[in-house]
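Heads up, the thing below is written out as structure tokens.
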Amino acid sequence: MWHALTEPWRSGIGVRALLELGLLGISGGALGCWIVLYGLSYSAESFAHAMLPGLVVSSLVGIPLGLGGGAALLAAAAATAGAARTPVIGRDAAVAIVVTGFSGLGALLALSPATPARLGDLLFGDVLGVSNGDLAAACALALAALTVLPLVHRRLLVVAFDRSSARSLGVAPARTDALLLGMLALALLVAVQGLGTLLVVAILVAPAATARLVTRRLPTMMAVGVLVAVGSGTAGLYLSYYAGTAAGASIAGVLVLVHLAVLIVSRTLGRA
């Protein structure tokens, strides 16, 4: 039993992957609570997909992925804002149009003969191949989340639950939204290195959505979200090691299964 529990961590690859997921779980579990409460889950997924053309261009040109992904995020945000200002389109349709266009552009660029062979890492990530730079970025993101979120907790809380009265309480909703979206963009840029554009949202949304089913206070929700993220990430690595499945997909699958299990149990107990 002890050998089975410790075997995946005997190599430096497994330990580094576990450390990366632990750091992402801390930031994703805490920040994800605000993403869920603000109704930004769909936007988070959309912006994650919109990063694909920037990531592909970065791979082709040979520049850091963060630069290309960041440029794509800014372009997607500007395009969404422009399309949403058209009355006949609306915000949801604007997001759908932009993410579809950017995803299609990324797919076209990926068909280039010069595209690196390991393009799949951009889609599904490579948590088993994280570098020192990736770990440093994840550590910085976790520290930023633990530092900034408590400082702006009141502002976020006011806008989330009483947006109409926020200005009378000295809180600007637009600035608060911009701050939260900025942190979301930063989290996407960091987490995409290990989980890819298709799976990165799992660690930002699933833990918080699961925690919301079993908690009634926001601090408790954040703590449970972090535990779910770190625990599911660890379980996903175990599954990947012993079943021979892709690490990123295994982690996302465990996160979804945990959410479904908690949902079923909570509704069953609620009916009882």
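Side-chain contact check for Leu105 versus Val56: every heavy-atom pair is 4.5 Å or farther apart. A 4.5 Å side-chain heavy-atom check between His259 and Val228 finds every atom pair outside the cut-off. A heavy-atom distance below 4.5 Å is found between the side chains of Leu218 and Leu37. Side-chain contact check for Ser41 versus Val36: some heavy-atom pair is nearer than 4.5 Å. Put simply, the side chain of Thr234 does not reach to within 4.5 Å of the side chain of Leu21, judged on heavy atoms. Put simply, the side chain of Met51 reaches to within 4.5 Å of the side chain of Leu189, judged on heavy atoms. Residues Arg267 and Leu213 have side chains not in contact (no heavy-atom distance under 4.5 Å, counting atoms from C-beta outward).
The nearest pair of heavy atoms linking Ser232 to Leu255 is CB-CD2, 3.3 Å. What you find for Leu31 and Ala187 is that their closest heavy atoms are CD2-CB, 3.8 Å. When all heavy atoms are compared, the tightest approach of Ala145 to Pro150 is O-CD, 3.7 Å. A pairwise comparison of heavy atoms in Gly25 and Val230 identifies CA-CG2, 4.2 Å as the closest pair. Residues Thr245 and Ser250 approach most closely at OG1-OG, 2.6 Å, considering heavy atoms. When all heavy atoms of Met183 and Ala144 are compared, the closest pair comes out as CE-O, 4.4 Å.
Note: Leu180 CG to Ile35 CD1 = 6.5 Å, rounded to the nearest 0.5 Å. Annotation: the span from Met221 atom CE to Thr210 atom OG1 amounts to 9.5 Å, rounded to 0.5 Å. The distance from atom CH2 of Trp34 to atom CG of Leu157, rounded to the nearest 0.5 Å, is 4.5 Å. Atoms CZ and CG, on Arg155 and Asp177 in that order, are 10.5 Å from each other to the nearest 0.5 Å. The distance from the OG1 atom of Thr268 to the CG atom of Leu263 is 9.0 Å, given to the nearest 0.5 Å. Rounding to the nearest 0.5 Å places CG of Asp134 at 8.5 Å from CZ of Arg16.
If you chain together hydrophobic residues whose side chains sit under 4.5 Å apart, Ile203 and Val201 fall into the same group. One hydrophobic cluster, built from ILVMFWY side chains closer than 4.5 Å, cannot hold both Ile26 and Val15; they sit in different ones. Transitive grouping of hydrophobic side chains (ILVMFWY, heavy atoms separated by less than 4.5 Å) keeps Leu179 and Leu143 in distinct clusters. Side-chain heavy atoms closer than 4.5 Å link hydrophobic residues (I, L, V, M, F, W, Y) into clusters, and following such links, even through other members, never connects Leu237 to Leu257. Val190 and Leu146 fall into different hydrophobic clusters, where Ile, Leu, Val, Met, Phe, Trp and Tyr residues are linked whenever their side-chain heavy atoms come under 4.5 Å apart, directly or through other members.
The environment of CZ in Arg10 is crowded: more than 12 heavy-atom neighbours from other residues, nucleotides or ligands sit within 6.0 Å.
Between the side chain of Tyr38 and the backbone N or O of Leu181 there is no donor-acceptor pair closer than 3.5 Å.
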